[in-house]
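To keep things clear, I will list the structure first and then write my remarks on it.
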Amino acid sequence: MRRHKPIAHFLGLRQRQRTASRSDAVRFHLHEVPSIATRLRPNAPEALAQPRELEQIVSDRETTILGIETSCDETAAAVVARSPKGQGTIRADIVYSQLDLHAAYGGVVPEIAARSHVSVLDRLVKKALVEADIELSALDGIAATAGPGLVGGLMVGLMTGKALALVTGKPLYAINHLEGHALTARLTDGLNFPYLLLLVSGGHTQIVLVRGVGDYRRWGTTIDDALGEAFDKTAKLLDLPYPGGPAVERAATSGDPGRFPLPVPLKGTAEPNFSFSGLKTAVRQAAEAAAPLSDQDVSDLCAAFQRAVCRSLADRMQIALRRFRSQYPECTQPALVIAGGVAANTALRTTLDACASGAGFRLVAPPIALCTDNAAMIAWAAAERLAIGLPADSLDIAPRARWPLDENAAVALGHGKRGAKV
Ligand code: KG4
Ligand code: ZN
């Protein structure tokens, strides 16, 4: 099977960026007097009131954060610095993809994921510190993803973050993974608030209004499957390899998107939500009717699926872009940011680019390595929180398998279902 994300050479670790000088010795100093960070960040939304005013409280020196990410099937550690003017520098960014461990099962197996995080995370952290050429004692904080995600993996990363915070006396930042995605465009492109975010990954499909650090409004979400999940399930039913997204995209390049008519989910509905489970069922029915499937049939089905997805995204995004325009008429250079693994899809990018420019928006697409799961975004989110004076977290904070970015957003219910998974 072709690998989407190649496993790296160093102990299976993939290095994405080399900006710092190397050192043979691993400096891992854990000898400072422990002190427990006691400032608590309540998760209640009122605790984050008025972040736009808070944004004025910019720290007057560079801050450097170690980030840890273990919410799904990537183990990652990174060191990121933020200048007083808000410029970010990635000093180390290391990701170990577990893709090969899960491929045989056609999806992520939580127990395998958690065990793999345990076995590689400490080495990743050491390696990130060496690459960044920084000692633990010189950091301004330790950031770890606390949710949403697979709880076993979250526990591994958060416990590691807590242990490092405890022994170094550095503040702990328990970061919402979605906030990491939401703020990445400020690290890569120095974007100003407000902007629109479309997050499309294996676990999430959301349109988020990003108003400030800690200030998010979820405008749209999926009422059933996430988009990446729909790609993966479609690939599975067409007997294509895991992960399905790249396989479907590859097959679609030689397909006729007009041969199999498929529905465009939720087209014309008022709220910019998404639905993909009906589309997946339509693909299955078309595949069953055309069975046995030739390679060309598979390509045509993939092309039809991808076109229906693109049409749905264009239709849904237009609502959100219009809403943004009417809420922020003074915003002269509005931006639409895309993030998540599905943002690697070329057809989808082309569609969103046309959609954004047609509405007078700039499409901002961070490099793929920073669109998919990574720890640089977790470190950066903590640096952004620290810069506006938001408090660090207590060492007894618990991981949250479900943790919406916008706690006030209504639950999106699918037809006859228990509700959205995300
Ligand atoms: O953000 P990500 O790397 O991981 C998590 O969801 O945590 O996203 C992975 C998802 C998978 O569902 C994968 O099939 C999808 O992104 N994906 C793609 C493409 N590359 C990855 N979907 C469509 N087209 C692609 N080229
Ligand atoms: Zn993610």
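Numbering of residues begins at 1 and proceeds along the displayed sequence. Both ligands and their constituent atoms are indexed starting at 1 by order of listing.
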Any atoms of ligand 1 less than 4.0 Å from a non-hydrogen atom of Ser201? List them with their elements. 1 (O), 6 (O)
Is Gly202 close to ligand 1, meaning an N/O of one under 3.5 Å from an N/O of the other? yes
Take the angle between the ring planes of His177 and His181 and call it parallel below 30°, perpendicular above 60°, tilted in between. perpendicular
Does the pair Met155 and His117 meet the rule for a side-chain contact (heavy atoms from CB on, under 4.5 Å), with working shown? CA-CA 10 Å; Met155 285 170 67; His117 290 309; over 6 Å; no
Would you call Asp300 and Arg259 a salt bridge, taking side-chain N to carboxylate O under 4.0 Å as the test? yes
Min N/O separation Gly245 to ligand 1 under 3.5 Å: yes
OG-CD1 distance between Ser277 and Ile223, expressed to the nearest 0.5 angstrom: 7.0 Å
Is the closest basic N to carboxylate O distance between Lys280 and Glu229 below 4.0 Å? no
List ligand 1 atoms under 4.0 Å from Asp232, heavy atoms only on the residue side. 11 (C), 12 (O), 13 (C), 14 (O)
Regarding ligand 1, does Gly341 bring an N or O atom to under 3.5 Å of one of the ligand's N or O atoms? yes
Counting only nitrogen or oxygen atoms and a 3.5 angstrom limit, does Glu249 reach ligand 1? yes
Can you confirm if the NZ or CZ of Arg211 lies within 45° of the ring axis of Tyr195 and under 6.0 Å from the centre of its six-membered ring? no
Would Asp73 count as a polar contact of ligand 1, with the cut-off being nitrogen or oxygen pairs under 3.5 Å? no
Considering only heavy atoms, does Val342 approach ligand 1 within less than 4.0 Å through its side chain, its backbone, both, or neither? both
Which of the numbered atoms in ligand 1 are below 4.0 angstrom from a heavy atom of Gly228? 12 (O)
His204 backbone or side-chain N/O/S under 2.8 Å from the Zn ion (ligand 2): no
Ligand-residue contact atoms, ligand 1 with Gly203, heavy atoms, under 4.0 Å: 6 (O)
Shortest-distance N/O/S atom, Asp373 versus the Zn ion (ligand 2): OD1
Heavy-atom closest pair, residues Leu386 and Asp140: CD1-O, 4.1 Å
How about Thr346 and Glu249: does a side-chain donor come under 3.5 Å of a side-chain acceptor? yes
I'd like to know if the Zn ion (ligand 2) has an N/O/S atom from His177 within less than 2.8 Å of it, counting both backbone and side-chain atoms. yes
Any N/O pair Cys371/ligand 1 closer than 3.5 Å: no
With rounding to the nearest 0.5 Å, note down the distance linking CG in Leu209 to CZ in Arg218. 13.0 Å
